[in-house]
Protein chains: 2
Amino acid sequence: MNEKKKLTLKDIGRELGISVSTVSRALKEHPDIAQETIKLVKDYAESNNYVPNLLAVNFRKNRTFNIGLIVPELVHHFFSTVISGAISEANNQGYNLMVSQSNDILKDEVLASRAMLNSSVDGLLISISNETHEGKHILEFLEKGKPVVQFDKITEKLPTPKVIVDDKDGASAAVKHLIEEGFTKIAHIRGREDVKNASERCEGYKNALKVAGLENHDYWIKTCIKISEQEGYDFTKELMEGENPPNGIFCITDLVALGSMRYLKENGYAIPKEVGIMGFSNWMLSSVVSPRLSSVEQHGFQMGVESTKLLLEMIKKQDVESIQTVELKTELIVRESSRMSNSEM
Amino acid sequence: MNEKKKLTLKDIGRELGISVSTVSRALKEHPDIAQETIKLVKDYAESNNYVPNLLAVNFRKNRTFNIGLIVPELVHHFFSTVISGAISEANNQGYNLMVSQSNDILKDEVLASRAMLNSSVDGLLISISNETHEGKHILEFLEKGKPVVQFDKITEKLPTPKVIVDDKDGASAAVKHLIEEGFTKIAHIRGREDVKNASERCEGYKNALKVAGLENHDYWIKTCIKISEQEGYDFTKELMEGENPPNGIFCITDLVALGSMRYLKENGYAIPKEVGIMGFSNWMLSSVVSPRLSSVEQHGFQMGVESTKLLLEMIKKQDVESIQTVELKTELIVRESSRMSNSEM
DNA sequence: CTGTTAGCGCATTCAA
DNA sequence: TTGAATGCGCTAACAG
């Protein structure tokens with residue numbers, strides 16, 4: 001209806017009485033072209049605000065300047081932070097970011113990746129669903145020469161670079177901190193056994209206990225399925241009502257920690273006086289609940305930036321062979337839920 | 001490096017001894033083509049898994065099957081919920097969603113929209129930044145025949161369809177609820193004067209007071225700039241330390257309400273016994289804090305779906321003239337922070 | 001330094 | 001019912 005037709009190279013050429021290819025080259029200041037021609041063309045292009053037809057350019061060059069990103073859940077503090085970083089870096093380098101989510105369902109992940117594969121994307125950033133194991137749909141990208149970078153939730157089975165957080169180390173630091181604050185009986189509410197991050201954090205927990213030579217019991221480890229607030233509540237109840245109740249709890253996630261704190265508060269336990277709590281992820285909410293929740297910052301924004309950098313490098317080099325792993329360090333964030341002493345801050 | 005070259009129509013034609021155009025038509029079951037030819041071509045295409053080169057198709061048809069979406073902030077419960085809905089609907093209709101954010105900075109919004117305008121997107125969904133008033137960068141889309149739909153944070157100045165939430169009505173309902181629960185002196189912590197949603201909610205607040213014939217004072221209305229937890233805390237302090245302290249507070253947002261509750265709890269006020277609190281937006285956190293926060297659900301997912309539907313309709317009709325406004329109803333979510341009676345639930 | 005030519009993969013008009 | 005020819009807008013090899 002409205003659709004103004006755009007100025008093309010041909011139009012400029014006709015108007016200026018020179019050939020299309022000269023115009024094309026002039027616009028990119030090709031060394032072969034005379035300075036005055038360059039000026040002529042550029043001036044004309046500018047004043048008539050010529051905009052190249054990207055559709056044509058991309059078709060010609062067989063690339064799109066788009067990259068895809070798939071996460072399990074979009075409405076999620078950590079993942080949206082990662083996306084934020086990815087957008088920032090992508091835009092910096094002249095790329096747009098196409099976003100989709102799998103809802104932790106393999107079928108949806110396959111659909112989303114297929115939708116992106118067919119020429120709408122030059123490469124893919126993905127954090128896989130809990131159901132993804134083989135990853136044939138990911139391999140399809142590599143087969144077509146489109147690089148893939150995995151981040152956060154990854155599988156070793158896929159030959160792609162990976163950007164992850166040092167979960168084990170972060171968990172270790174969290175538990176070590178509880179220990180230093182004087183907590184001696186520390187429980188852990190963990191995530192599913194088949195999810196790598198959860199297992200890493202659990203490892204970190206166990207290590208820290210071992211190094212400190214503290215008590216450790218299988219019955220102090222509870223396993224969440226959905227990583228919900230309610231699970232935090234319920235497992236804390238189990239722990240506190242058990243034979244040998246802990247005086248510190250390290251939770252796989254801030255949300256779970258919130259549930260844990262709710263149980264404790266409702267039942268008259270003082271936090272951190274009687275029970276110290278550590279979360280993980282440092283969601284925004286951890287700084288606005290009371291008592292404020294100690295947590296482990298995962299630097300999601302940086303993860304988005306790093307993953308995107310890696311991917312764009314590969315895209316530019318046409319490289320689909322790289323398989324390096326980048327491990328980002330976490331940062332311990334101490335707040336009221338775990339601080340007994342006033343030694344720090 | 002790896003890059004398998006794709007099968008093209010030409011390849012199929014050569015292999016089958018027929019012309020490219022016949023292959024092209026056969027694949028889309030053009031009525032002119034003989035059934036057996038169709039079958040022949042389709043079978044060949046399938047068994048050699050032919051995939052059309054979308055780059056070429058799009059170039060030819062001058063469209064991308066991508067739509068763009070720009071929000072002020074990605075790491076934000078409401079906006080990420082909207083995005084989630086937009087992705088879902090877009091994917092359903094065979095479109096991909098390109099996402100960007102403005103950080104509430106006009107310059108960034110212009111950059112993001114320009115990046116999308118140049119042939120990488122068939123239409124735009126946008127929630128404008130606080131700094132956006134003229135919106136020339138948005139008009140550029142319309143001039144190029146690319147439809148735009150505004151959602152949530154909108155301006156009337158731009159001739160596009162709008163999808164908004166009935167903020168006034170939602171706010172009214174929230175305050176009315178406080179009144180029904182017996183709160184008689186209700187204050188409001190609002191957002192910036194130049195942001196439409198904030199003003200609508202404030203209107204709703206005032207209306208509800210007027211209808212009920214309750215006290216109302218300018219000094220019961222406090223204006224946030226950043227909509228932060230800290231502002232909620234500070235303004236609540238001002239309110240409670242003032243001459244005529246309220247016994248109910250309606251906060252522009254759950255986050256602000258959290259700050260409000262923090263002040264009250266720290267200073268020994270019982271919630272809701274002494275002071276009732278209402279938030280707005282129904283963020284996830286409102287159901288996991290204690291006391292659980294009453295709020296107003298804005299149906300962000302549905303907003304994403306509706307906006308996308310509108311946009312895709314316009315794209316399909318080549319329509320950039322439509323300017324209808326869709327207003328979604330809110331839903332009152334009553335939790336502990338405002339419930340005195342046990343009459344409900 | 002510049003123009004000519006060719007072609008990317010596909011859709012479509014015009015002939016046959 | 002099919003094929004040949006054309007062009008979308010741009011780039012690049014080649015020739016002058």
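Naming: A, B, ... by sequence-line order, numbering from 1 per chain.
For dG3(C), the OP1/OP2 oxygens have a side-chain nitrogen or oxygen of Thr22(A) closer than 4.0 Å. Not one side-chain nitrogen or oxygen of Tyr50(A) sits closer than 4.0 Å to the OP1 or OP2 atom of dG9(D). Between Lys28(A) and dT11(D), a side-chain N or O to OP1/OP2 separation shorter than 4.0 Å is present. For the OP1/OP2 pair of dT4(C) and a distance below 4.0 Å, the side-chain nitrogens and oxygens of Ser19(A) include no atom meeting the criterion.
Position along DNA chain D of the nearest nucleotide to Ala56(A) versus Ala34(B) favours Ala34(B) as the more 5'-ward residue. The residue among Thr37(B) and Phe59(A) whose nearest nucleotide of DNA chain D lies closer to the 5′ end is Thr37(B). In this structure, Val20(A) and Gln35(A) both approach DNA chain C, and ranking their closest nucleotides by distance from the 5' end singles out Gln35(A).
Atom NE2 of His30(B) and atom P of dC10(C) are 18 Å apart (whole Å). Rounded to whole Å, the distance from CG on Leu40(A) to P on dC1(C) is 15 Å. Put simply, CG on Asp32(A) is 9 Å from P on dT2(C), counting in whole angstrom units. With rounding to whole Å, Leu55(A) atom CG is found 13 Å from dT11(D) atom P. Atom CG of Asn58(A) is separated from atom P of dG9(C) by 15 Å (rounded to the nearest Å). The interatomic distance linking Leu27(A) (CG) with dA12(D) (P) rounds to 13 Å, in whole Å. Per the geometry, CG belonging to Leu9(B) stands 17 Å off P belonging to dG7(C), to the nearest Å. Rounded to an integer number of Å, the gap from CZ of Arg60(A) to P of dA12(D) is 6 Å.
A donor-acceptor contact under 3.5 Å is formed by the side chain of Ser21(B) with the base of dA4(D). Between the side chain of Arg25(A) and the base of dG3(C), a donor-acceptor pair under 3.5 Å is found.
Aromatic ring orientation, Phe151(B) versus Phe79(B): perpendicular (interplanar angle above 60°, classes split at 30° and 60°).
Salt bridge annotation for Arg114(A)-Glu140(A): present, with a cationic side-chain nitrogen under 4.0 angstrom from a carboxylate oxygen. Salt bridge annotation for Lys153(B)-Asp104(B): present, with a cationic side-chain nitrogen under 4.0 angstrom from a carboxylate oxygen.
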**OP:** Let me see the working for Ile315(B) and Ile67(B) under side chain to side chain contact (heavy atoms under 4.5 Å, CB included), right down to the final yes or no.
**Re:** CA-CA 10 Å; Ile315(B) 288 175; Ile67(B) 61 184; 3.7 Å; yes
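Between Leu40(A) and Leu16(A) there is a side-chain heavy-atom pair separated by less than 4.5 Å.
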